[in-house]
Amino acid sequence: MAFFKDVSFRNAGRDLVGFLRTSGRHSPWLFLAACLPTAIIIYTFYLDSIAKATPPPREIIYIESWPATRSLDETKAAIAERQKLKDEMRAREKEAYKAFGRAVGMDVEKIEREAQSAQEAKKAVATPTAAGAGK
């Protein structure tokens, strides 16, 4: 590494030993107190790298499989059941949004009436053009 090309570990170690041997206003306890936070941070990075080095567990995805002898009626029944579940989920989601709107002070019923009138207007505009196209 280019960073360590000008660093002499032998001289650094000799300087550290000389510092620790001196008695006077410098205390080895101050040195240890200064090194402790750095050591804790480095150890934390080490533990973090170990935890992130392990790959996540495998995710198993199950795919529905039907027998080749499944009849058309069974298929239609399964589709109808699935659609019923989806409709129920959409209704619960819509109610959750309404509850949230009420919680923040919105007039949910007014917004729903406006949306229904807009849909009816769109259907009214689309219906005559579709009927006129068939003639």
Side-chain angles (χ1 to χ4, degrees):
M1 288 188 189
F3 176 74
F4 292 113
K5 71 178 183 175
D6 296 328
V7 176
S8 170
F9 289 107
R10 180 180 298 142
N11 289 340
R14 205 176 302 144
D15 188 34
L16 177 63
V17 169
F19 170 77
L20 293 175
R21 285 186 181 164
T22 60
S23 61
R25 62 181 202 166
H26 303 295
S27 169
W29 295 110
L30 291 175
F31 172 74
L32 291 176
C35 291
L36 185 66
T38 305
I40 290 172
I41 290 171
I42 291 172
Y43 184 66
T44 305
F45 283 141
Y46 172 72
L47 292 178
D48 188 47
S49 68
I50 288 175
K52 292 188 178 174
T54 58
R58 291 185 179 184
E59 181 181 349
I60 299 173
I61 301 173
Y62 294 98
I63 300 173
E64 287 188 50
S65 178
W66 297 283
T69 59
R70 187 168 121 164
S71 69
L72 185 61
D73 293 333
E74 291 173 337
T75 304
K76 286 183 179 181
I79 291 171
E81 181 181 339
R82 175 84 37 107
Q83 186 62 41
K84 182 181 174 185
L85 292 173
K86 284 183 180 181
D87 291 342
E88 290 173 359
M89 184 180 69
R90 283 191 191 120
R92 285 193 308 267
E93 184 177 324
K94 188 175 181 180
E95 288 302 317
Y97 278 120
K98 283 182 181 181
F100 178 72
R102 287 185 195 101
V104 296
M106 296 173 70
D107 188 5
V108 178
E109 286 74 22
K110 178 183 173 188
I111 294 171
E112 190 171 7
R113 283 192 306 269
E114 289 174 359
Q116 285 179 350
S117 64
Q119 286 177 354
E120 289 171 2
K122 189 183 282 187
K123 284 181 184 178
V125 169
T127 303
T129 58
K135 291 182 180 180

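The shown structure was predicted, so the numbers you read here are calculated from the model rather than taken from an experiment.
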Original post:
For Thr38, which of Ile42, Ile41, Leu36 qualifies under side-chain contact (heavy atoms from CB on, under 4.5 Å)?
Top reply: Ile42
Original post:
What about Ile40 and Leu47, same hydrophobic cluster or not, with Ile/Leu/Val/Met/Phe/Trp/Tyr joined at side-chain heavy-atom distances under 4.5 Å?
Top reply: no
**OP:** Quick one: closest heavy-atom pair of Met106 and Ile111, and the distance?
**Re:** CE-CD1, 3.5 Å
Original post:
Stepwise, does the salt bridge (Lys or Arg N to Asp or Glu O under 4.0 Å) test hold for Glu112 with Lys94?
Top reply: CA-CA 11 Å; Glu112 190 171 7; Lys94 188 175 181 180; 3.7 Å; yes
Original post:
Are side-chain heavy atoms of Lys110 and Arg113 found at a separation under 4.5 Å?
Top reply: yes
Original post:
Just wondering, are more than 12 heavy atoms of other shown residues or ligands nearer than 6.0 Å to CZ in Arg10?
Top reply: no
Original post:
Run the side chain to side chain contact (heavy atoms under 4.5 Å, CB included) check on Lys98 and Glu109 step by step: do they pass?
Top reply: CA-CA 9 Å; Lys98 283 182 181 181; Glu109 286 74 22; over 6 Å; no
Original post:
Hey, does Asp87 have a side-chain heavy atom less than 4.5 Å from the side chain of Arg90?
Top reply: yes
Original post:
At their closest point, which heavy atom of Glu74 faces which heavy atom of Ser71, and how far apart are they?
Top reply: OE1-N, 3.1 Å
Original post:
Which distance, rounded to the nearest 0.5 Å, do you find between the SG of Cys35 and the CG of Leu30?
Top reply: 11.0 Å
Subject >> Approximate separation, where rounding is to 0.5 Å, of Ile79 CD1 and Lys86 NZ >> reply: 10.0 Å
**OP:** May I ask you to check whether over 12 heavy atoms, not counting those of Glu81, lie within 6.0 Å of atom CD?
**Re:** no
Original post:
With a 4.5 Å limit on heavy-atom distance, are the side chains of Arg14 and Asn11 in contact?
Top reply: yes
